[in-house]
Amino acid sequence: MPELPEVESVRAGVHEWTAGATITGAEVIDPRILGTTSRRHVDASAVDGFITAVTGRRIIAAERRGKFMWLTLGEGPSLAPELSLLVHLGMSGQLRVHRAEDEAHRHTRAALRLERGDESLDLRFVDQRIFGHLGVQPLVHAYGRLVPASATHIAADPLEASFDPESVVNQMALKRTAIKAALLDQTLVSGIGNIYADEALFRAGIHPLAIPARTRRSRLTAGLDSASSVMADALAVGGTSFDALYVNVNGESGYFDRALLVYGRSGQECVRCGGRIEKLTIGGRGTHFCPNCQRPPRYR
DNA sequence: GCAGGCACCTGATCGC
DNA sequence: TGCGATCAGGTGCCTG
(Lines give C-alpha, C1' and ligand atoms only; values in the text may rest on other atoms or scores of the structure.)
Protein backbone atom coordinates (compact mmCIF):
# COMPACT_ATOMS: atom_id res chain seq x y z
CA MET A 1 0.00 0.00 0.00
CA PRO A 2 1.90 3.04 -1.22
CA GLU A 3 2.48 5.73 1.40
CA LEU A 4 5.07 8.50 1.30
CA PRO A 5 8.22 6.27 1.39
CA GLU A 6 6.84 4.00 -1.33
CA VAL A 7 5.78 6.94 -3.52
CA GLU A 8 9.19 8.58 -3.04
CA SER A 9 10.93 5.36 -4.12
CA VAL A 10 8.76 5.26 -7.23
CA ARG A 11 9.28 8.97 -7.93
CA ALA A 12 13.05 8.65 -7.76
CA GLY A 13 12.98 5.72 -10.16
CA VAL A 14 10.60 7.43 -12.56
CA HIS A 15 12.73 10.59 -12.53
CA GLU A 16 15.88 8.61 -13.28
CA TRP A 17 14.32 6.76 -16.19
CA THR A 18 12.12 9.46 -17.75
CA ALA A 19 13.53 12.96 -17.11
CA GLY A 20 14.36 14.50 -20.47
CA ALA A 21 12.28 11.97 -22.41
CA THR A 22 9.68 12.99 -24.99
CA ILE A 23 6.21 11.46 -24.86
CA THR A 24 5.58 10.17 -28.39
CA GLY A 25 2.24 8.55 -27.69
CA ALA A 26 -0.16 7.39 -25.00
CA GLU A 27 -2.71 4.65 -24.54
CA VAL A 28 -5.57 4.57 -22.05
CA ILE A 29 -6.62 0.95 -21.67
CA ASP A 30 -9.12 1.54 -18.85
CA PRO A 31 -10.71 5.03 -18.96
CA ARG A 32 -11.78 4.73 -15.32
CA ILE A 33 -8.19 5.53 -14.39
CA LEU A 34 -8.82 9.11 -15.57
CA GLY A 35 -11.79 9.56 -13.22
CA THR A 36 -11.75 10.67 -9.62
CA THR A 37 -12.09 8.29 -6.70
CA SER A 38 -15.82 8.96 -6.51
CA ARG A 39 -16.59 9.40 -10.21
CA ARG A 40 -14.91 6.68 -12.17
CA HIS A 41 -16.89 6.86 -15.39
CA VAL A 42 -15.41 9.24 -17.97
CA ASP A 43 -16.35 9.67 -21.63
CA ALA A 44 -14.26 9.13 -24.74
CA SER A 45 -13.51 12.83 -25.10
CA ALA A 46 -11.63 12.73 -21.77
CA VAL A 47 -9.45 9.92 -23.09
CA ASP A 48 -8.77 11.83 -26.34
CA GLY A 49 -8.06 14.98 -24.35
CA PHE A 50 -5.57 13.17 -22.13
CA ILE A 51 -3.69 11.64 -25.06
CA THR A 52 -3.61 14.93 -26.99
CA ALA A 53 -2.43 16.87 -23.93
CA VAL A 54 0.58 14.67 -23.18
CA THR A 55 1.71 13.63 -26.67
CA GLY A 56 4.66 15.63 -27.96
CA ARG A 57 5.56 17.05 -24.55
CA ARG A 58 8.85 16.54 -22.80
CA ILE A 59 9.17 15.26 -19.23
CA ILE A 60 11.15 17.75 -17.18
CA ALA A 61 11.07 16.02 -13.80
CA ALA A 62 9.16 13.65 -11.55
CA GLU A 63 8.00 15.44 -8.40
CA ARG A 64 6.00 14.56 -5.31
CA ARG A 65 4.10 15.97 -2.35
CA GLY A 66 2.90 13.42 0.16
CA LYS A 67 1.36 10.57 -1.81
CA PHE A 68 0.67 12.75 -4.86
CA MET A 69 3.24 12.42 -7.64
CA TRP A 70 3.41 14.26 -10.93
CA LEU A 71 5.53 14.67 -14.03
CA THR A 72 6.19 18.29 -14.97
CA LEU A 73 5.80 18.64 -18.71
CA GLY A 74 7.21 21.25 -21.06
CA GLU A 75 7.15 22.02 -24.74
CA GLY A 76 9.47 23.90 -27.05
CA PRO A 77 13.05 25.08 -26.49
CA SER A 78 12.44 26.95 -23.20
CA LEU A 79 11.22 23.82 -21.38
CA ALA A 80 9.50 25.94 -18.75
CA PRO A 81 7.06 23.78 -16.77
CA GLU A 82 3.61 24.25 -18.30
CA LEU A 83 1.53 21.26 -17.33
CA SER A 84 1.59 18.36 -14.93
CA LEU A 85 0.69 14.74 -15.39
CA LEU A 86 -0.69 13.90 -11.95
CA VAL A 87 -0.31 10.31 -10.75
CA HIS A 88 -1.88 8.94 -7.59
CA LEU A 89 -1.12 5.29 -6.85
CA GLY A 90 -4.14 4.81 -4.59
CA MET A 91 -3.87 1.46 -2.84
CA SER A 92 -2.54 -0.80 -5.51
CA GLY A 93 -1.10 1.46 -8.22
CA GLN A 94 2.33 0.92 -9.73
CA LEU A 95 4.34 2.96 -12.24
CA ARG A 96 6.68 0.65 -14.10
CA VAL A 97 9.28 1.26 -16.79
CA HIS A 98 9.41 -1.36 -19.53
CA ARG A 99 10.88 -1.88 -22.96
CA ALA A 100 8.17 -1.25 -25.55
CA GLU A 101 8.15 -4.90 -26.62
CA ASP A 102 7.62 -6.26 -23.08
CA GLU A 103 4.30 -8.02 -22.51
CA ALA A 104 1.78 -5.89 -20.62
CA HIS A 105 0.65 -6.89 -17.13
CA ARG A 106 -3.05 -7.74 -17.12
CA HIS A 107 -3.83 -4.82 -14.78
CA THR A 108 -2.10 -2.24 -16.97
CA ARG A 109 -4.54 0.70 -17.20
CA ALA A 110 -2.53 3.22 -19.22
CA ALA A 111 0.86 3.59 -20.89
CA LEU A 112 3.09 6.39 -22.18
CA ARG A 113 5.46 5.79 -25.09
CA LEU A 114 8.75 7.59 -24.40
CA GLU A 115 11.86 8.40 -26.41
CA ARG A 116 15.08 9.49 -24.73
CA GLY A 117 18.12 9.61 -26.98
CA ASP A 118 18.20 6.29 -28.79
CA GLU A 119 16.04 4.58 -26.19
CA SER A 120 12.34 3.74 -26.57
CA LEU A 121 10.56 2.98 -23.31
CA ASP A 122 7.07 2.45 -21.95
CA LEU A 123 5.98 4.02 -18.67
CA ARG A 124 3.03 1.86 -17.62
CA PHE A 125 0.44 2.53 -14.94
CA VAL A 126 -0.63 -0.78 -13.42
CA ASP A 127 -3.43 -0.78 -10.87
CA GLN A 128 -5.33 -3.83 -9.71
CA ARG A 129 -8.06 -2.08 -7.71
CA ILE A 130 -8.34 1.18 -9.67
CA PHE A 131 -8.05 3.35 -6.56
CA GLY A 132 -5.31 5.30 -8.27
CA HIS A 133 -5.79 7.85 -11.02
CA LEU A 134 -4.07 9.91 -13.70
CA GLY A 135 -4.83 13.40 -14.98
CA VAL A 136 -3.35 16.33 -16.87
CA GLN A 137 -3.58 19.56 -14.90
CA PRO A 138 -2.13 23.09 -14.84
CA LEU A 139 0.51 23.89 -12.22
CA VAL A 140 -0.43 26.37 -9.51
CA HIS A 141 1.31 27.69 -6.38
CA ALA A 142 0.48 26.04 -3.03
CA TYR A 143 2.52 25.82 0.20
CA GLY A 144 5.55 27.44 -1.43
CA ARG A 145 5.85 25.57 -4.72
CA LEU A 146 4.15 24.64 -7.99
CA VAL A 147 1.78 21.70 -7.69
CA PRO A 148 -1.03 20.25 -9.84
CA ALA A 149 -4.32 22.14 -9.48
CA SER A 150 -6.13 19.29 -7.73
CA ALA A 151 -3.35 18.94 -5.11
CA THR A 152 -3.44 22.49 -3.74
CA HIS A 153 -5.21 21.35 -0.56
CA ILE A 154 -2.46 18.82 0.22
CA ALA A 155 -0.15 20.09 2.97
CA ALA A 156 3.64 19.83 2.84
CA ASP A 157 5.05 16.45 3.83
CA PRO A 158 7.80 15.86 6.44
CA LEU A 159 10.47 15.34 3.78
CA GLU A 160 9.92 18.80 2.22
CA ALA A 161 12.10 21.79 3.05
CA SER A 162 8.98 23.91 3.59
CA PHE A 163 7.58 21.50 6.21
CA ASP A 164 6.92 23.39 9.45
CA PRO A 165 6.29 20.94 12.33
CA GLU A 166 5.43 23.72 14.80
CA SER A 167 2.69 24.99 12.51
CA VAL A 168 1.33 21.46 12.04
CA VAL A 169 1.22 20.92 15.82
CA ASN A 170 -0.62 24.25 16.21
CA GLN A 171 -3.28 23.14 13.73
CA MET A 172 -3.45 19.62 15.13
CA ALA A 173 -4.02 20.98 18.65
CA LEU A 174 -7.35 22.40 17.44
CA LYS A 175 -8.67 18.99 16.37
CA ARG A 176 -11.29 17.19 18.42
CA THR A 177 -11.11 13.98 16.43
CA ALA A 178 -8.94 10.95 17.26
CA ILE A 179 -5.20 11.62 16.78
CA LYS A 180 -5.07 8.66 14.40
CA ALA A 181 -7.58 10.45 12.15
CA ALA A 182 -5.62 13.71 12.48
CA LEU A 183 -2.40 12.03 11.31
CA LEU A 184 -4.27 10.72 8.26
CA ASP A 185 -5.64 14.20 7.44
CA GLN A 186 -3.61 15.16 4.35
CA THR A 187 -4.56 18.85 4.74
CA LEU A 188 -2.61 18.91 8.04
CA VAL A 189 0.45 16.88 7.08
CA SER A 190 0.68 14.80 3.93
CA GLY A 191 2.17 11.41 3.22
CA ILE A 192 1.09 9.55 6.37
CA GLY A 193 -1.10 6.53 5.62
CA ASN A 194 -2.73 3.89 7.76
CA ILE A 195 0.38 1.75 8.26
CA TYR A 196 2.76 4.50 9.33
CA ALA A 197 0.13 6.24 11.47
CA ASP A 198 -0.18 3.07 13.58
CA GLU A 199 3.59 2.62 13.73
CA ALA A 200 4.20 6.28 14.64
CA LEU A 201 1.67 6.25 17.50
CA PHE A 202 3.14 3.00 18.86
CA ARG A 203 6.68 4.40 18.78
CA ALA A 204 5.50 7.56 20.56
CA GLY A 205 3.37 5.63 23.08
CA ILE A 206 0.21 7.54 22.17
CA HIS A 207 -3.21 5.86 22.18
CA PRO A 208 -4.85 6.19 18.74
CA LEU A 209 -8.09 7.53 20.30
CA ALA A 210 -6.33 10.40 22.10
CA ILE A 211 -7.91 13.76 21.23
CA PRO A 212 -5.30 16.27 19.99
CA ALA A 213 -7.14 19.23 21.52
CA ARG A 214 -6.83 17.54 24.93
CA THR A 215 -3.26 16.28 24.50
CA ARG A 216 -0.12 18.09 25.63
CA ARG A 217 1.75 19.85 22.82
CA SER A 218 4.91 17.92 23.66
CA ARG A 219 3.02 14.68 23.03
CA LEU A 220 1.69 15.95 19.69
CA THR A 221 5.22 16.97 18.72
CA ALA A 222 6.48 13.51 19.70
CA GLY A 223 3.80 11.85 17.58
CA LEU A 224 4.64 14.00 14.56
CA ASP A 225 8.39 13.42 15.02
CA SER A 226 7.69 9.71 15.29
CA ALA A 227 5.73 9.74 12.02
CA SER A 228 8.59 11.56 10.30
CA SER A 229 11.22 9.14 11.58
CA VAL A 230 9.24 5.98 10.84
CA MET A 231 8.74 7.13 7.25
CA ALA A 232 12.42 8.08 6.91
CA ASP A 233 13.37 4.61 8.16
CA ALA A 234 10.99 3.01 5.67
CA LEU A 235 12.35 5.14 2.82
CA ALA A 236 15.88 3.95 3.62
CA VAL A 237 14.87 0.35 2.83
CA GLY A 238 12.59 1.12 -0.11
CA GLY A 239 9.24 1.17 1.66
CA THR A 240 6.81 -1.50 2.79
CA SER A 241 5.40 -4.46 0.91
CA PHE A 242 3.04 -7.16 2.08
CA ASP A 243 2.47 -8.76 -1.30
CA ALA A 244 2.93 -8.11 -5.00
CA LEU A 245 0.70 -5.03 -4.94
CA TYR A 246 3.50 -2.59 -4.26
CA VAL A 247 6.73 -2.58 -6.25
CA ASN A 248 9.05 0.14 -7.54
CA VAL A 249 9.62 1.01 -11.21
CA ASN A 250 11.80 -2.08 -11.61
CA GLY A 251 9.18 -4.37 -10.08
CA GLU A 252 11.06 -4.75 -6.77
CA SER A 253 9.42 -4.76 -3.32
CA GLY A 254 10.50 -2.83 -0.23
CA TYR A 255 11.56 -4.45 3.02
CA PHE A 256 10.11 -2.24 5.76
CA ASP A 257 7.30 -4.76 6.46
CA ARG A 258 9.96 -6.71 8.38
CA ALA A 259 10.29 -3.76 10.79
CA LEU A 260 6.58 -3.14 11.46
CA LEU A 261 5.93 -3.39 15.20
CA VAL A 262 2.12 -3.21 15.43
CA TYR A 263 0.48 -2.93 12.01
CA GLY A 264 -1.08 -6.22 10.95
CA ARG A 265 -0.08 -7.88 14.24
CA SER A 266 -3.40 -7.91 16.12
CA GLY A 267 -3.54 -10.83 18.55
CA GLN A 268 0.24 -11.20 18.58
CA GLU A 269 2.66 -10.32 21.41
CA CYS A 270 3.87 -6.74 21.72
CA VAL A 271 7.61 -6.62 21.00
CA ARG A 272 8.05 -4.08 23.82
CA CYS A 273 5.97 -5.35 26.77
CA GLY A 274 4.82 -8.84 25.74
CA GLY A 275 1.15 -7.80 25.96
CA ARG A 276 -1.40 -8.49 23.26
CA ILE A 277 -1.70 -6.21 20.20
CA GLU A 278 -5.31 -5.12 19.74
CA LYS A 279 -7.24 -3.81 16.77
CA LEU A 280 -10.07 -1.30 16.51
CA THR A 281 -11.61 0.78 13.75
CA ILE A 282 -11.06 4.55 13.59
CA GLY A 283 -12.50 6.47 10.69
CA GLY A 284 -13.20 3.22 8.93
CA ARG A 285 -9.54 2.18 9.06
CA GLY A 286 -8.14 -0.80 10.88
CA THR A 287 -6.04 0.50 13.78
CA HIS A 288 -3.45 -1.64 15.58
CA PHE A 289 -2.04 -0.71 18.99
CA CYS A 290 -0.70 -2.07 22.29
CA PRO A 291 -3.04 -1.15 25.17
CA ASN A 292 -0.14 -1.40 27.65
CA CYS A 293 2.38 0.74 25.77
CA GLN A 294 -0.30 3.14 24.50
CA ARG A 295 -2.43 3.91 27.54
CA PRO A 296 -6.02 5.03 26.86
CA PRO A 297 -6.64 8.74 27.58
CA ARG A 298 -8.21 9.30 31.01
CA TYR A 299 -10.90 11.60 29.63
CA ARG A 300 -12.48 8.85 27.47
C1' DG B 1 -16.52 24.83 9.66
C1' DC B 2 -15.95 20.38 11.36
C1' DA B 3 -16.38 15.40 11.81
C1' DG B 4 -18.15 11.06 10.40
C1' DG B 5 -19.64 7.87 6.98
C1' DC B 6 -20.05 6.09 2.47
C1' DA B 7 -18.80 4.99 -2.49
C1' DC B 8 -15.41 3.70 -5.57
C1' DC B 9 -12.91 -1.10 -6.86
C1' DT B 10 -10.79 -5.90 -7.17
C1' DG B 11 -8.92 -10.07 -5.40
C1' DA B 12 -8.16 -13.01 -1.47
C1' DT B 13 -10.31 -15.45 2.02
C1' DC B 14 -13.88 -17.51 4.56
C1' DG B 15 -18.20 -19.98 5.50
C1' DC B 16 -21.92 -22.51 3.81
C1' DT C 1 -16.79 -27.35 -6.19
C1' DG C 2 -19.12 -23.13 -6.41
C1' DC C 3 -21.31 -19.30 -4.67
C1' DG C 4 -22.00 -15.16 -1.83
C1' DA C 5 -20.33 -12.27 1.94
C1' DT C 6 -16.63 -9.86 3.96
C1' DC C 7 -12.41 -7.38 4.22
C1' DA C 8 -8.55 -4.37 2.92
C1' DG C 9 -7.76 1.01 2.25
C1' DG C 10 -6.85 6.59 -0.04
C1' DT C 11 -9.56 10.05 -1.44
C1' DG C 12 -13.66 12.83 -2.68
C1' DC C 13 -18.16 13.82 -1.69
C1' DC C 14 -22.23 14.10 1.06
C1' DT C 15 -24.68 14.65 5.37
C1' DG C 16 -25.57 16.06 10.08
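Just so it is clear, the values below take in all heavy atoms, side chains as well, and ignore hydrogens, waters and symmetry mates. These figures come from a predicted structure and were not determined experimentally. So that the names make sense, note that chain A is the first sequence line, chain B the second, and so on, each numbered from 1.
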Quick one: which of [options] gets closest to the side chain of [X]?
| X | options | value |
| --- | --- | --- |
| A:Arg109 | B:dA3, B:dT10, C:dG9 | B:dT10 |
| A:Ile130 | B:dA3, B:dT10, C:dT11 | B:dT10 |
| A:His107 | C:dG10, B:dG11, C:dT11 | B:dG11 |
| A:Arg285 | C:dG10, C:dA8, B:dG4 | C:dG10 |
| A:Thr177 | B:dG4, C:dG10, B:dT10 | B:dG4 |
| A:Gln128 | B:dG11, C:dA8, C:dG10 | B:dG11 |

Rounded distance in Å - [atom1] ([X]) to [atom2] ([N]):
| X | N | atom1 | atom2 | answer |
| --- | --- | --- | --- | --- |
| A:His133 | C:dG9 | NE2 | P | 20 Å |
| A:Ile195 | C:dA8 | CD1 | C1' | 11 Å |
| A:Ile211 | B:dA3 | CD1 | C1' | 11 Å |
| A:Leu184 | C:dA8 | CG | P | 15 Å |
| A:Leu89 | B:dC9 | CG | C1' | 16 Å |
| A:Ile282 | C:dG9 | CD1 | C1' | 15 Å |
| A:His153 | C:dG12 | NE2 | P | 4 Å |
| A:Gln171 | B:dC2 | CD | P | 10 Å |

Report yes if at least one side-chain N or O of [X] is closer than 4.0 Å to OP1 or OP2 of [N]; otherwise report no.
| X | N | value |
| --- | --- | --- |
| A:Arg176 | B:dG1 | no |
| A:His88 | C:dG10 | no |
| A:Lys175 | B:dA3 | yes |

Any carboxylate oxygen within less than 4.0 angstrom of a Lys/Arg side-chain nitrogen, looking at [X] and [Y]?
| X | Y | value |
| --- | --- | --- |
| A:Arg64 | A:Glu8 | yes |
| A:Arg65 | A:Glu160 | yes |
| A:Lys180 | A:Asp198 | yes |

A:Arg219 side chain to A:Gly205 backbone, donor-acceptor under 3.5 Å: yes
Aromatic plane relationship, A:His133 with A:His88 - under 30° parallel, 30 to 60° tilted, over 60° perpendicular: parallel
Sugar-phosphate, base or nothing in reach of A:Gly283, heavy atoms under 4.0 Å: nothing
Touch class at under 4.0 angstrom, heavy-atom based, for A:Lys279 against every strand present: sugar-phosphate
N/O donor-acceptor pair, side chain A:Arg129 with base B:dG11, under 3.5 angstrom: no
